[in-house]
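In what follows, a structure is listed as structure tokens, so that the remarks can point back to it.
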Amino acid sequence: MKSAYDIILKPVITEQSMESVADKKYVFKVALSATKPEIKAAVEEIFGVKVEKVNTVRTLGKLKRTGSYPAGRRPETKKAIVKLTEDSKTIEFFEGMI
């Protein structure tokens with residue numbers, strides 16, 4: 001059984017993700033094998049909030065040159081955009097970033 005901290009790897013702190021904090025949308029880097037129900041349960045357990053909706057985005061790693069023929073590849077990543085319910089409290093971690 002995976003723990004909540006194995007599913008939620010780290011928050012994504014970018015200008016675009018910080019703009020959506022006002023709408024109670026938060027972006028996290030998650031494990032590639034994580035499903036939407038697992039992500040929802042993990043966020044609710046870690047931060048003590050109510051999650052309304054989870055959207056996921058999976059990106060392929062970019063090809064990178066390593067000098068000659070065998071080109072390398074950056075690792076694949078998966079992000080989760082988590083929307084909280086209207087009556088839920090905010091996640092305090094992101095409040096100092098705005």
Side-chain angles (χ1 to χ4, degrees):
M1 186 74 184
K2 291 186 272 186
S3 75
Y5 294 100
D6 292 334
I7 295 170
I8 306 295
L9 301 179
K10 65 181 182 177
V12 176
I13 309 295
T14 61
E15 189 174 343
Q16 185 176 6
S17 68
M18 290 294 106
E19 288 177 0
S20 62
V21 169
D23 300 331
K24 290 192 173 185
K25 288 185 181 179
Y26 301 95
V27 182
F28 297 98
K29 192 176 211 181
V30 296
L32 285 174
S33 61
T35 62
K36 288 182 181 183
E38 288 176 341
I39 295 168
K40 179 179 178 178
V43 170
E44 289 177 347
E45 179 184 332
I46 293 171
F47 298 106
V49 294
K50 293 181 184 176
V51 175
E52 177 182 333
K53 186 176 180 180
V54 175
N55 292 326
T56 57
V57 179
R58 188 168 177 166
T59 58
L60 292 175
K62 291 169 64 175
L63 280 174
K64 287 300 196 183
R65 287 191 50 170
T66 58
S68 60
Y69 173 70
R73 187 176 280 276
R74 287 189 179 166
E76 296 180 22
T77 59
K78 187 173 187 177
K79 292 190 297 187
I81 299 99
V82 177
K83 180 166 175 45
L84 304 182
T85 60
E86 291 297 324
D87 60 335
S88 177
K89 66 177 185 170
T90 60
I91 296 177
E92 292 142 12
F93 176 81
F94 290 94
E95 287 179 10
M97 306 287 180
I98 299 175

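For clarity, every value in this text was computed on a predicted model and none was experimentally measured.
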Where Ala34 and Lys78 come nearest, the two heavy atoms and their spacing: O-NZ, 2.6 Å
ILVMFWY cluster, Tyr5 and Val43 together (side-chain gap under 4.5 Å): yes
Sidechain-backbone polar pair: Lys29 side chain, Val12 backbone, donor-acceptor under 3.5 Å: no
Validation row: Val21, Tyr26 side chains within 4.5 angstrom (heavy atoms): yes
Glu76 atom CD, neighbour heavy-atom count above 12 within 6.0 Å: yes
Separation between NZ of Lys79 and OG1 of Thr56, rounded to the nearest 0.5 Å: 11.5 Å
Flag, side chain of Ser88 to backbone of Thr85, donor-acceptor distance under 3.5 Å: no
Ile13 and Phe93, any side-chain heavy atoms less than 4.5 Å apart: yes
CZ-CD1 distance between Phe47 and Ile91, expressed to the nearest 0.5 angstrom: 5.0 Å
Gap separating the CD atom of Glu38 from the CD1 atom of Ile8, nearest 0.5 angstrom: 10.0 Å
Separation of Leu84 CG from Lys89 NZ (nearest 0.5 Å): 10.5 Å
Heavy-atom pair with the smallest gap, counting every atom of Val54 and Val51: CG2-CG1, 3.8 Å
Distance (rounded to the nearest 0.5 Å) between Ile39 CD1 and Glu44 CD: 12.0 Å
Separation of Arg73 CZ from Leu63 CG (nearest 0.5 Å): 4.0 Å
Atom NZ of Lys83: over 12 foreign heavy atoms under 6.0 Å: yes
Same cluster (ILVMFWY, side-chain, under 4.5 Å), Val57 and Val27: yes
Joint cluster assignment, Ile46 & Val82, ILVMFWY side-chain distance < 4.5 Å: yes
Donor-acceptor pair between Ser33 and Lys2 side chains, under 3.5 angstrom: yes
